[in-house]
Structure formats: C-alpha cells, structure tokens
Chemist: 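My questions will all concern the structure given below.
Proteins come first, then strands; the chains are lettered A, B, ... in the order of their sequence lines, and each starts at number 1. Below, all heavy atoms of this structure are taken into account, side chains as well, without hydrogens, waters or symmetry copies.
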Amino acid sequence: MPGGCRSILWTIVWSLSACVAAQAQAEHEHSSHEFEVFLAGQALGGSGQPKPRDDNSWFNADVILGLAHDKFRVFGEYFITPDEHDLERFQVGYEFVPDTVLWVGRFHQPASAWNTEHHHGRYLQTAITRPAIEMWEDEEGLIPQHITGALIESRRPLGTVAGMQFSGGIGAAPSFSNDNYEPITLVDSNPGKHGLSLSGRLAFLPDYAGTSSTGLLWSHDQIFIRTAAAMASLGSSRFNLSIYGAYADWTFGDWRIITAGYYVDVELNRPAPDESFMSGYLQAERHLPHRLTVYARVEDSARMQRSRYVALFNDHSGDIDVTLRGRTGGLRWDYAHRQALSAEMARVVSPTDQRGVEWRLQWAAAIP
Amino acid sequence: MPKLALMVMLGVGLLLDCPAPALANEELVLIVSAQSNIDQLDSSLVRKLFLGLTVNQHGDRLRPLLNESDAKIKDLFLRNIVSMSDSTYDRYVLRLSLLQGRQQPVVYKDKNSLIHAVAADPSVVSYVWAKDVVNNAQIRIVRVIWHD
C-alpha cells in the first residue's frame with residue numbers, strides 16, 4: 001500500500017474511532033436504533049499474494065436497517081467498500097408464531113455455518129478473515145450464498161432449557177459467469193438463467209436463548225453457466241451443486257470453538273463425470289485478561305485440487321483465488337466500547353500448490 | 001473503667017443510631033405499568049425477553065427497557081437476569097439486528113424517564129430499585145430480582 005494511502009487510511013480510521021468513542025460516552029436520556037453500522041479498516045501485507053483478493057478492500061461499512069412493527073419485520077443490509085456497494089440482503093418478514101418468521105426477499109442461505117452467524121459485519125467475528133469455503137460469491141466463493149426467494153426461521157423449546165432451530169430456504173440460485181457466481185441483485189439487471197435453490201439447517205441449542213449450537217446443513221442448487229469458456233471447461237452448460245455439512249459453534253467458559261465440515265457434490269450433465277470434494281475448518285478462541293482474545297484456525301480439504309469445478313474459480317490473475325489449506329492465528333483487543341483492534345497472520349496453499357503468507361491489521365467498530 | 005464503659009456504650013449507641021449503609025434492604029424489582037395485564041414472569045421468560053426473543057402474554061408482545069441509570073443496576077441485571085458478562089451481552093444484542101432484524105432493547109440512562117415510559121405502556125417491562133417505585137400508583141412490581 002502506498003504511504004499516502006496508508007496515512008489517509010489511518011487518519012480516517014482514527015477520526016472514526018474518536019467519533020465512535022465520543023458517541024459511546026455521550027449520556028443520552030434513552031436510545032433506540034433502527035440502524036446499525038459496522039465499520040472496518042485494514043492494512044494488508046504478505047508474500048506470494050501478488051494481488052489482494054476482492055474482499056481485501058482497505059475499508060468497508062456494513063449498514064443494517066431493521067424495522068419491526070407488531071409481527072411484521074423489514075430488514076436490509078447494505079455493504080459498501082471503495083470498490084463496490086451492494087444491497088446484500090433485503091427481507092420482509094412476518095412472525096406468525098413467537099420466534100418463527102417467514103421472510104421474503106434476498107437472504108443468506110442457511111446452510112453456511114459461518115455466514116448465517118457473522119454476515120458481512122467484521123466487528124462481530126473475532127478473526128479478521130473468514131474461512132475460504134465460506135467466501136462470498138464475489139470473492140471466488142465456492143458455494144452460493146445469496147438466494148432470492150422465501151426463508152423460514154424457527155426456534156422451538158426442547159425441554160425446559162434447550163431448543164431446536166430450523167431454517168429452510170427456497171428461491172433462485174446464482175448463475176455462474178467467468179470465474180464466480182452471480183446471485184440475483186435487487187437493484188440491477190439479472191442476465192442469464194437462474195435455477196432453483198433449496199437450503200436448510202437443523203440445529204440443537206443447549207440453551208434456548210444462548211449462543212452455542214450444533215447441527216446439520218444441507219443445500220441443493222441448480223446452476224446455469226453463462227459463459228462459453230466455463231461451459232467448455234466443465235463440458236456442461238449447467239450443473240447441480242449439493243452440499244451436506246455439519247457444524248458446531250460452542251462457547252464454554254473463556255473458550256469458543258467454531259467448526260464446520262462440508263461435502264460438496266457437483267453433478268454435471270452427462271457424459272461429463274460427476275465430482276465431489278470436501279472442505280472444513282476448526283477455529284478456537286480464548287478470552288484473556290485485559291479484553292484480549294487469541295485465536296487460531298486450521299482449514300483443510302480433500303480432492304479439491306483435482307476438481308474441474310474448483311478450477312473454474314481461478315481467474316488467472318496470479319493471486320490465490322481458492323485456498324486448499326490454511327493456518328491462521330491472531331489476537332484481538334476490544335480496547336473500547338464496540339471497538340476492536342486485531343492482528344492476524346495466515347499461511348495459505350492454493351490448489352496449484354502456490355503458497356502465500358498474509359498479515360493483516362484491522363480496526364473494527366459498531367455504531368451506535 | 002466507668003469512663004471506658006461509658007465510651008463503649010456511647011460508641012454502640014452512635015452506631016445503632018447512624019443511618020443504614022446504602023445497600024441495606026435494597027431490592028431490585030421487575031416492574032410493569034399498573035394498567036398492564038402481565039402476570040408473574042418466571043426467570044427464564046424474563047431472560048428470554050431481555051435477550052431479544054419474543055415473549056407474549058395475553059396476546060400482547062412484551063417489550064424490554066434497559067435501565068442503565070447506575071452502574072450497580074447494570075451489574076445486577078447482567079448477573080441476575082441475562083447471566084452474561086457486559087461484553088458478551090453487548091455482542092449478543094448487536095447480533096440480534098444482524099440475524100433476524102430484531103431491534104435492540106431501548107436503553108434508559110435516567111430512572112425517572114424510564115419509570116414514566118413503563119407507566120405509559122402496558123406492554124413494557126423493566127427493572128428499578130424498589131424504593132423508587134414503592135409509592136408509585138402507576139407502577140406494579142411483578143417480582144423481586146435481587147435483594148441484599
């Protein structure tokens with residue numbers, strides 16, 4: 001990053017930091033907010049990664065709108081970076097029984113263990129980066145994440161303390177372009193054909209109102225390919241992507257474990273043979289004194305390097321688009337109310353055995 | 001010796017006569033409007049309510065108000081109602097808006113404004129020191145959350 005840009009970055013980051021801190025200290029008589037804004041600024045360096053990925057913009061803002069009136073809900077998430085801005089989610093919901101909401105709109109498919117918990121806001125995730133298998137579509141993500149259609153989310157008690165959570169989605173899947181998925185956008189045209197997407201999650205909650213959960217994930221997407229090059233690579237104009245997974249997000253004392261494993265089946269039109277691969281990760285976090293949290297993450301996969309489907313996501317720009325294996329470690333410091341500084345180091349390996357080392361520094365905040 | 005006994009008696013007398021410590025007989029209570037139909041709320045329902053989940057009674061959706069008028073009340077709320085640390089609860093309510101579009105509970109820094117807000121809305125539930133509402137006809141105490 002050029003020195004001028006770096007100084008501008010830190011000027012903005014510290015100005016925002018001061019504003020947030022001042023606001024947090026202000027004594028309001030009372031407060032209620034329809035808007036939440038998650039801000040993050042980061043510096044990135046490393047080797048073996050000649051060009052940063054799309055998600056590595058130096059600044060991003062995730063603006064959340066939530067309105068509730070009686071049983072009706074309106075919810076929106078608008079993500080802004082210097083390079084892009086997009087209405088990531090827009091949902092209108094009706095809570096027809098307590099803790100059971102039927103949504104219509106564009107949503108994050110429930111079969112992602114990470115994204116349904118953290119979404120786009122960086123402040124709420126301890127690590128700076130997300131696991132490679134959980135990347136968004138415009139980050140060369142291997143799994144469709146944004147679906148437009150209907151989503152039902154329900155939480156039911158199980159005994160006196162525990163609970164079950166069910167989420168099911170049906171809608172239009174993304175299409176596939178040159179080297180990434182293109183989900184339906186609500187604010188622009190949608191060229192190409194979009195197939196059916198089905199997705200679901202069934203989870204056990206040891207505490208109905210708590211944050212720990214473990215469960216099963218499933219999705220099935222019918223994907224239409226838009227470009228001749230991708231069709232030629234796969235020998236097919238469309239494919240079906242089925243995902244079977246399991247996850248756990250468990251907090252006990254000062255420890256938190258987040259783990260997920262996915263089996264991905266790619267069903268191609270005959271005569272092209274079907275293929276499959278597996279991917280998973282384990283992240284451990286430990287709270288320390290002085291509002292510090294240390295974390296480490298291991299990512300691994302099987303048969304990914306032999307997959308023609310995975311090879312589609314290589315945009316030949318020289319950077320590591322898909323991660324085969326990864327080791328990540330970092331430290332987060334929640335130094336002020338709703339503000340955190342993080343440092344992270346990662347070693348990644350691509351399907352073509354390209355190796356990279358990345359380090360990141362991040363400031364993240366939530367307003368108000 | 002009689003002089004010493006006199007001084008001890010005087011000291012004991014002064015101790016008995018002095019005002020009680022600030023925490024003596026303090027009670028943190030759950031309150032609703034006197035016009036509210038809300039019955040007894042058990043601790044699991046109160047926890048669900050203040051963690052942003054839906055709690056209905058007699059067809060009314062209950063709304064929680066957070067009392068942050070003093071640090072001790074906030075500390076007792078975190079320990080006795082939601083059973084979370086300050087930072088964990090803060091992250092939890094932030095997640096509410098991201099996960100399900102739920103609004104975070106409204107925060108009051110001034111106890112008089114909070115009491116007026118509770119009195120005015122039969123669907124609202126909050127918590128205050130008992131001494132601040134015990135003679136208020138517009139407020140009904142639902143349960144004791146904590147006492148010293």
Side-chain angles (χ1 to χ4, degrees), chain A residues 26-36 38 62 64-77 89 91-93 95 97-101 103 108 116-121 123-124 126 153 155 157 160-161 163 207-211 251 254 287 291 293 334 337-338 340 366 368, chain B residues 42-57 59-70 81-118 120 123-124 126:
Chain A
E27 288 287 316
H28 296 291
E29 184 183 84
H30 62 87
S31 54
S32 173
H33 307 285
E34 284 80 28
F35 283 97
E36 300 287 345
F38 295 93
D62 191 32
I64 306 292
L65 163 70
L67 295 171
H69 180 71
D70 195 17
K71 295 180 177 180
F72 289 95
R73 309 252 186 92
V74 178
F75 174 79
E77 182 173 20
R89 288 190 288 165
Q91 303 168 214
V92 178
E95 187 175 18
V97 293
D99 296 329
T100 299
V101 184
W103 296 98
H108 291 153
T116 48
E117 179 69 21
H118 302 99
H119 300 280
H120 292 268
Y123 174 79
L124 285 175
T126 305
E153 292 181 315
R155 189 184 288 223
T160 53
V161 179
D207 176 359
Y208 183 86
T211 54
T251 302
D254 289 329
H287 289 295
R291 302 173 76 91
T293 305
D334 287 90
H337 180 64
R338 294 190 174 179
Chain B
D42 65 37
S43 57
S44 67
L45 278 180
V46 175
R47 182 166 180 259
K48 279 174 67 175
L49 179 65
F50 283 94
L51 287 175
L53 297 168
T54 302
V55 176
N56 291 333
Q57 267 207 2
D60 290 330
R61 185 196 189 101
L62 308 189
R63 292 196 308 117
L65 301 186
L66 297 180
N67 181 353
E68 294 187 1
S69 61
D70 79 54
I81 295 183
V82 293
S83 304
M84 288 181 178
S85 68
D86 190 9
S87 60
T88 305
Y89 182 68
D90 190 50
R91 276 215 215 184
Y92 188 97
V93 294
L94 267 176
R95 281 173 69 245
L96 289 175
S97 54
L98 260 184
L99 296 186
Q100 295 185 329
R102 293 173 185 267
Q103 289 182 342
Q104 298 173 31
V106 180
V107 177
Y108 279 79
K109 305 277 190 187
D110 177 70
K111 70 179 178 189
N112 293 323
S113 301
L114 172 74
I115 291 167
H116 285 137
V118 174
S123 67
V124 156
S126 192

Chemist: Is A:Lys71 salt-bridged to A:Glu95, cutoff N-O under 4.0 Å?
Modeler: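 Salt bridge flag = no for A:Glu95 with A:Lys71.
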
Chemist: Are the side chain of A:Asp207 and the backbone of A:Ala209 linked by a donor-acceptor contact shorter than 3.5 Å?
Modeler: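 Answer holds: yes.
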
Chemist: Which bit of A:Phe38 is near chain B, if near means a heavy-atom gap under 4.5 Å: side chain, backbone, both or neither?
Modeler: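 Just its side chain gets close to chain B.
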
Chemist: Counting only N and O atoms by type, is there a donor-acceptor contact under 3.5 Å from the side chain of B:Asn56 to the main-chain atoms of B:Gly59?
Modeler: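 No, the answer is negative, given that no donor and acceptor are paired below the 3.5 Å cut-off.
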
Chemist: Go through the atoms of A:Thr160 and report whether side chain, backbone, both or neither lie under 4.5 Å from a heavy atom of chain B.
Modeler: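 Interface part for A:Thr160: neither.
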
Chemist: Where does A:His118 contact chain B at under 4.5 Å (heavy atoms): side chain, backbone, both or neither?
Modeler: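 Backbone of A:His118 only, per the 4.5 Å heavy-atom cut-off to chain B.
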
Chemist: Which bit of B:Asp90 is near chain A, if near means a heavy-atom gap under 4.5 Å: side chain, backbone, both or neither?
Modeler: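 Backbone plus side chain of B:Asp90, per the 4.5 Å heavy-atom cut-off to chain A.
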
Chemist: Can you check whether A:Glu77's main-chain N or O pairs, donor with acceptor, with A:Arg89's side chain at less than 3.5 Å?
Modeler: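 No, because the side chain of A:Arg89 does not come within donor-acceptor range (under 3.5 Å) of the backbone of A:Glu77.
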
Chemist: At a heavy-atom separation under 4.5 Å, does B:Arg47 approach chain A through its side chain, its backbone, both, or neither?
Modeler: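 Contact with chain A: side chain only.
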
Chemist: For the candidates A:Asp334, A:Asp62, A:Ile64, which exhibits the highest count of non-hydrogen atom pairs separated by less than 4.5 Å from chain B?
Modeler: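 Max contact count across the listed options: A:Ile64.
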
Chemist: Could you walk me through whether B:Thr54 and B:Arg61 pass side-chain hydrogen bond (donor to acceptor under 3.5 Å, both in side chains), step by step?
Modeler: CA-CA 7 Å; B:Thr54 302; B:Arg61 185 196 189 101; 3.2 Å; yes

